[in-house]
Amino acid sequence: MIANEEKSLNFLEEILEEDIRANKNGGAVLTRFPPEPNGYLHIGHAKSICLNFGIAQRYNGKTNLRFDDTNPVTEDTEYVESIKEDIKWLGFEWANEFYASDYFDTLYDFAVKLIEKGLAYVDDSSAEEIARLKGTPTEPGQPSVYRSRSVEENLRLFAEMKAGNYADGEKVLRAKIDLASPNMHMRDPIMYRIKHAHHHRTGDKWCIYPMYDFAHGQSDAIEHITHSICTLEFIPHRPLYDWFIEKLEIFPSKQYEFARLNLNYTVTSKRKLLQLVNEGFVSGWDDPRMPTISALRRRGYTPASIRDFCDRIGIAKRENVIDVSLLEFCIREDLNKTAWRRMAVLDPVKLVITNYPEDKTEVLHGENNPEAEDGDGYREIPFSRELWIEREDFMEHPPKKFFRLGPGLMVRLKHAYIIKCEDFVKDEHDMVTEIRATYIPESKSGQDTSGIHVKGTIHWVSVPHAKTAEIRLYDRLFSVEDPGSEERDFKEYINPQSLNVLPAAYIEPDLEHAANRGYQFIRKGYFTLDKDSQPGKLVFNRTVTLKDTWAKETKKA
RNA sequence: UGCCCGAUAGUAUAAUGGUAGUACGACAGAUUUUGGUUCUGUUUGUCUAGGUUCGAAUCCUGGUCGGGCAACCA
């Protein structure tokens with residue numbers, strides 16, 4: 001008997017189950033995914049999306065998508081659209097599409113309420129002055145001279161701020177909490193600042209905008225979010241989050257924190273990604289070398305593989321750096337089961353089968369996927385006397401365990417015959433230009449009566465039938481594990497080999513009708529059609545290589 | 001030298017006072033018409049010093065190390 005093992009819970013699921021058991025909020029679970037629309041979503045967001053949507057699914061709850069759009073200067077509808085597309089593509093549905101900016105009126109009323117309670121005041125100090133008076137972690141702050149303004153004056157000034165009577169930076173609204181708090185966030189945090197800026201949704205209606213701390217928790221409360229899950233750096237904000245909710249007497253949403261994803265050989269800071277885009281180090285947010293969701297999609301990653309990845313990395317509170325090889329494992333695992341096998345020769349050299357008739361063509365059959373019981377269907381592959389094979393599959397002086405071609409060596413041509421290398425031709429630069437072989441007629445794939453067993457099988461494409469395609473080989477964007485370590489500018493670590501374009505590789509003719517799906521080019525890796533493809537000019541992106549133990553072997557030697 | 005969070009194989013993540021397990025990686029072997037896949041095996045771990053307890057990765061105390069906090073960013 002196999003034990004009925006249940007997957008262990010992460011700490012958030014334990015909290016959820018505890019809350020449900022205690023019938024907190026009537027057992028309801030409502031989470032939210034709260035991106036700021038100032039950049040594209042990346043793999044780190046995918047972790048948060050899978051967490052927030054996944055946990056709600058698991059506990060019969062729902063998830064709101066809420067754009068945290070309280071800073072009009074950096075935000076844009078382009079980002080709103082890409083974010084929605086990425087979440088849908090990952091396979092999640094939000095219950096409601098909300099915007100923090102939907103709540104600007106309510107938030108304003110909340111602020112007035114705090115002023116009336118004597119818990120907020122308008123401060124005319126400059127940014128520098130406020131920072132100075134805040135003190136340091138080891139020294140308490142000092143009150144500004146405006147801290148003792150009357151409720152009436154504060155009410156009037158705040159209304160005037162809203163009315164546009166003041167310039168940017170002239171005044172702010174601050175909560176009146178505790179200037180000596182050991183938690184810097186409780187030292188009279190700013191609630192509202194003046195920004196005469198056009199907002200992507202509210203236009204020019206407002207010239208004052210709430211800060212994150214005076215928008216996020218309140219928005220959660222308005223929506224009755226039961227579990228507001230965010231990353232570790234917001235832990236010190238939690239007392240403030242609770243303070244506003246308590247003083248405002250609104251729905252008691254609770255904040256919980258988990259450790260964000262870090263991936264080695266990768267940067268995920270939005271600021272850095274924006275730099276890569278703006279300074280032309282990559283072709284855009286969806287350049288297949290980027291860690292963005294849109295880039296992973298273009299590269300050929302599947303939603304299932306990314307969800308699987310997010311599942312495997314787990315949820316905890318300790319800082320972590322995930323090996324990018326785990327992401328690669330996840331996409332290989334998925335594509336191995338679903339990708340159609342095809343043959344493509346990336347670095348060609350000609351092979352002539354001297355005992356095969358010059359005018360003969362055979363049509364061979366190859367299964368789409370050997371992992372599937374029925375092969376997932378078959379495609380036709382033309383075979384003829386002249387073939388393109390991979391240059392690296394031939395060696396003039398092969399070492400002992402080289403199971404490919406060399407003088408006198410035998411291999412099987414995938415889905416076709418066993419051949420024996422008889423001769424080869426070199427040009428004046430010592431470059432092999434042609435390999436000559438004989439084939440064994442009774443060794444035909446599927447009806448082999450030759451009794452010969454060979455160790456190696458190589459892929460090929462018939463010369464007269466071959467089509468060409470541009471193939472883009474991607475490698476990791478950075479050559480060091482932690483490009484974000486502030487020792488040097490992260491752009492100095494960019495891998496110069498991260499993109500290698502093969503303008504005209506040979507592909508088997510069936511690929512001319514390639515669909516928008518994953519393909520495995522046998523022995524070479526997983527590939528997918530790029531959006532740059534035109535009719536008659538196909539472009540393939542390499543999603544990921546195959547595991548290559550031979551390459552590892554040769555590297556060791 | 002203020003406050004907060006954390007510390008389990010190389011990397012992640014379980015064990016909720018009672019046998020330290022799983023995945024990825026690495027290594028070795030078997031199978032293979034992809035040097036892929038699959039299968040089998042091996043390797044490596046509780047930061048440290050005390051305490052509580054019959055028994056501690058788990059609870060307590062001190063230390064060490066890592067991370068965060070002093071934006072009119074989120």
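Quick note on labels: first sequence line is chain A, next is B, and so on, each numbered from 1.
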Can you tell me how far P of B:C69 sits from CG of A:Leu179, to the nearest Å?
21 Å

Look at the side chain of A:Glu257 and the base of B:G6, then say whether one donor and one acceptor between them are separated by less than 3.5 Å.
no

Inter-nucleotide C1' distance (B:U13, B:G51), Å rounded
30 Å

Please report the distance separating the P of B:C47 from the corresponding atom of B:U32, rounded so that it comes out in whole Å.
46 Å

Quick one: label A:Ala316 by what it contacts on the DNA or RNA (base, sugar-phosphate, nothing), any heavy atom closer than 4.0 Å.
sugar-phosphate

On a whole-Å scale, what distance lies between the P atoms belonging to B:U43 and B:G10?
14 Å

Looking at A:Thr457 and B:U34, is any side-chain donor or acceptor paired with a base atom of the opposite kind under 3.5 Å?
no

Expressed as a whole number of angstroms, how long is the span from A:Tyr241:OH to B:C69:C1'?
19 Å

Please pick, from B:C4, B:A74, B:A71, the nucleotide with the shortest atom-to-atom distance to any side-chain atom of A:Glu36.
B:A74

Do the ring planes of A:Tyr99 and A:Phe67 sit parallel (below 30°), tilted (30 to 60°) or perpendicular (above 60°)?
parallel

Base, sugar-phosphate, or nothing: which does A:Leu232 touch, judged by heavy atoms less than 4.0 Å apart?
nothing

note: A:Ile190, atom CD1; B:A70, atom P; distance rounded to Å ~ 12 Å

cation_pi(A:Lys195, A:Tyr209) dist<6.0 Å, angle<=45:
no

Taking atom C1' in both B:A28 and B:U8, compute the distance separating them and give it to the nearest angstrom.
27 Å

Using a 5.5 Å cut-off between ring centres and planes within 30 degrees, is A:Trp550 stacked on the base of B:G35?
yes

Distance check, P atoms only: B:A23 and B:U1, in whole angstrom units.
47 Å

Counting any heavy atom closer than 4.0 Å, what does A:Gly446 reach on the DNA or RNA strands: base, sugar-phosphate only, or nothing?
base

What pattern of brackets, bars and dots sums up RNA chain B from 5' to 3', given Watson-Crick or G-U wobble pairs under 3.5 Å, [ ] for crossing pairs and | for another strand?
.((((((..((((....[..)))).(((((.......)))))....(((((..]....))))))))))).....

With a cut-off of less than 4.0 Å, is there a side-chain N or O of A:Arg271 near OP1 or OP2 of B:C73?
no

Do A:Glu129 and A:Ser126 have side-chain N/O donor and acceptor atoms under 3.5 Å apart?
no

Sugar-phosphate, base or nothing in reach of A:Pro370, heavy atoms under 4.0 Å
base

Does the side chain of A:Thr136 get closer than 4.0 angstrom to OP1 or OP2 of B:G2 through an N or O atom?
no

Hydrogens and angles aside, do A:His216 and A:Arg32 bring a side-chain donor and acceptor to less than 3.5 Å of each other?
yes

Say we look at B:A57 and B:U48: how far apart would their C1' atoms be, to the nearest angstrom?
14 Å

Expressed as a whole number of Å, how far does the P atom of B:A12 sit from that of B:A70?
26 Å

Describe the nucleic acid contact of A:Tyr209 in one word from base, sugar-phosphate, nothing, applying a heavy-atom distance below 4.0 Å.
nothing

On RNA chain B, check which nucleotide each of A:Phe403 and A:Asp323 is closest to and give me the residue with the more 5' one.
A:Asp323

Looking across every strand, which nucleic acid part, if any, lies under 4.0 Å from A:Thr231 by heavy atom: base, sugar-phosphate, or nothing?
nothing

Rounded to the nearest Å, what distance is computed from the CD atom of residue A:Glu553 to the P atom of nucleotide B:G36?
11 Å

Under 4.0 Å between a side-chain N or O of A:Lys317 and OP1 or OP2 of B:A7?
no

By the definition side-chain contact (heavy atoms from CB on, under 4.5 Å), identify the one residue from A:Val454, A:Thr438, A:Val411 that meets it with A:Lys420.
A:Thr438

What is the nucleic acid contact for A:Val321, judged by heavy atoms within less than 4.0 Å: base, sugar-phosphate only, or nothing?
sugar-phosphate

Nearest-Å distance for atom pair CG/P, residues A:Asn71 and B:A74:
5 Å

Considering every strand and a 4.0 Å limit on heavy-atom distances, what is the contact class for A:Ser445: base, sugar-phosphate, or nothing?
base

Distance under 6.0 Å and angle within 45° of the ring axis: does A:Arg476 meet both against A:Tyr265?
yes

Does A:Arg193 place a side-chain N or O at less than 4.0 Å from the phosphate oxygens OP1/OP2 of B:A74?
yes

Assuming nearest nucleotide by heavy-atom distance, tell me which of A:Pro34 and A:Ile322 is located more 5' along RNA chain B.
A:Ile322

Step-by-step salt bridge (Lys or Arg N to Asp or Glu O under 4.0 Å) determination, A:Arg201 to A:Glu75
CA-CA 10 Å; A:Arg201 297 193 88 236; A:Glu75 296 156 7; over 6 Å; no

A:Asn368 has an atom CG; how far is it from atom P of B:G36, in whole Å?
22 Å

Within the structure shown, what part of the strands sits under 4.0 Å from A:Lys401 by heavy-atom distance: base, sugar-phosphate, or nothing?
base

For a quick check under 3.5 Å, do A:Asp188 and A:Tyr121 share a side-chain donor-acceptor pair by atom type?
yes

Answer with yes or no whether A:Arg341 presents, from its side chain, a donor or acceptor under 3.5 Å of a partner atom in the base of B:U34.
yes

Tell me: CG of A:Asn336 to P of B:C39, nearest whole Å?
11 Å

Can we say A:Asp102 and A:Arg66 salt-bridge, meaning some charged N sits less than 4.0 Å from an Asp/Glu carboxylate O?
no

Quick one: does A:His237 reach the base of B:A74 with a side-chain donor-acceptor pair under 3.5 Å?
yes

A:Glu257 with A:Arg238: basic N within carboxylate O range, under 4.0 Å:
yes

Would A:Asp123 and A:Ser125 count as having a side-chain donor-acceptor pair, cut-off 3.5 Å?
yes

Once you apply a heavy-atom cut-off of 4.0 Å, does A:Asn320 come out as touching a base, just sugar-phosphate, or nothing?
sugar-phosphate

I'd like the C1' distance from B:C24 over to B:A30, given in whole Å.
22 Å

Can you find a heavy atom in the side chain of A:Met410 that is under 4.5 Å from one in the side chain of A:Ile440?
yes

Pair of N/O donor and acceptor under 3.5 Å linking B:U34 base with A:Gln520 side chain:
yes

Need one value for A:Phe309: base, sugar-phosphate or nothing, where a base atom within 4.0 Å counts as base even if backbone is also close, heavy atoms only.
nothing

Once you apply a heavy-atom cut-off of 4.0 Å, does A:Arg404 come out as touching a base, just sugar-phosphate, or nothing?
base

Polar side-chain contact A:Arg318-B:G67 base: donor and acceptor under 3.5 Å:
no

Integer-rounded Å distance: B:A23 C1' and A:Leu326 CG
8 Å

At under 4.0 Å, does any side-chain N or O of A:Lys552 touch on OP1 or OP2 of B:A26?
yes

Heavy atoms only, 4.0 Å cut-off, all strands: where does A:Asp548 land among base, sugar-phosphate and nothing?
sugar-phosphate

Please work out if A:Arg412 contacts a base, only the sugar-phosphate, or nothing of the nucleic acid, heavy-atom cut-off 4.0 Å.
base

Going by modelled atom types, is there a donor-acceptor pair between the base of B:U34 and the side chain of A:Arg523 at under 3.5 Å?
no

